[in-house]
Amino acid sequence: MDGSRQFSYMLQNGDVKVLMNLEWRKRLSGNLYGAVFLDAGNVWNSEDWTLSADDIDDGADDDTYEFIDAWNELFSGWKFRARNFFKQLATGTGIGLRYDLDFLVLRVDWGFGLHLPYDTGHGGYFNIPRFKDMHTLHIAIGYPF
């Protein structure tokens, strides 16, 4: 496997995952329900993914050191540490409609981000910079969990 494939493969992995969903539904009419929900979660690694020049086979030139610095900066906060748990937990909330067809449920949700688990330049728990970036519409089939 060449280095570029290995790099993209590793970017998609984590071995510690937390996912929490809380949803309250109320019948509006017939098979139509309203819902209010809160979601939280993230994916971490159980060990650090830092690199040194010794980990690179092609010798250490300036580009190698730039790559190593960028890699280590990107992955430095991805290790699971209990003391950072709530800070690194992404959270969102929202409202939605559920139409229950007995054999499947059609869902429309309007979700609002509350906290991103990385630095956005805004302090505090509600750290999403702009309102237009904090909400999205989802259409789905089946329950979310």
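Everything numeric here is computed off the predicted structure, so don't read it as measured data.
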(request) Look at the side chain of His115 and the backbone N and O of Lys87, then say whether any donor-acceptor pair between them is shorter than 3.5 Å. (result) yes

(message) Quick check: is Leu19 connected to Phe37 through a chain of hydrophobic side chains (ILVMFWY, heavy atoms under 4.5 Å apart)?
(response) no

(request) For Leu89 and Asn42, work out which heavy atoms get closest and say how close. (result) CD1-N, 4.3 Å

(request) Would you check, one step at a time, whether the test side-chain contact (heavy atoms from CB on, under 4.5 Å) holds for Leu116 with Ile128? (result) CA-CA 7 Å; Leu116 297 174; Ile128 300 176; 3.9 Å; yes

(message) Are more than 12 heavy atoms, taken from residues, nucleotides or ligands other than Phe85, located less than 6.0 Å from that residue's CZ atom?
(response) yes

(request) Output the distance between atom NZ (Lys26) and atom CZ (Arg98), rounded to the nearest 0.5 Å. (result) 15.5 Å

(request) Could you tell me the separation between the CG atom of Asp102 and the CG atom of Asn31, rounded to the nearest 0.5 Å? (result) 6.0 Å

(request) Show your working on salt bridge (Lys or Arg N to Asp or Glu O under 4.0 Å) between Asp100 and Arg27 and close with a plain yes or no. (result) CA-CA 10 Å; Asp100 190 349; Arg27 183 185 303 265; over 6 Å; no

(message) One thing to verify: whether Arg107 and Glu23 come together as a salt bridge, which I'm taking to mean a side-chain N less than 4.0 angstrom from a carboxylate O.
(response) no

(request) Supply the members, apart from Leu101, of the Ile/Leu/Val/Met/Phe/Trp/Tyr cluster built from side-chain contacts under 4.5 Å; use none for a lone residue. (result) Leu28, Leu32, Leu97, Tyr99, Phe103, Leu104, Leu106, Ile141

(message) Any non-hydrogen side-chain atom of Val18 less than 4.5 Å from a side-chain atom of Met20?
(response) yes

(message) To the closest 0.5 Å, what do you measure between CG (Leu114) and CG (Leu38)?
(response) 7.0 Å

(request) Give a yes or no answer on whether the side chain of Thr120 reaches the backbone of Asn127 with a donor-acceptor pair at less than 3.5 Å. (result) yes

(message) For Val108 and Leu137: C-alpha separation, side-chain torsions, deciding distance, then whether side-chain contact (heavy atoms from CB on, under 4.5 Å) applies.
(response) CA-CA 7 Å; Val108 177; Leu137 186 68; 3.9 Å; yes

(message) I need the Trp110 CH2 to Thr93 OG1 distance, nearest 0.5 Å.
(response) 12.0 Å

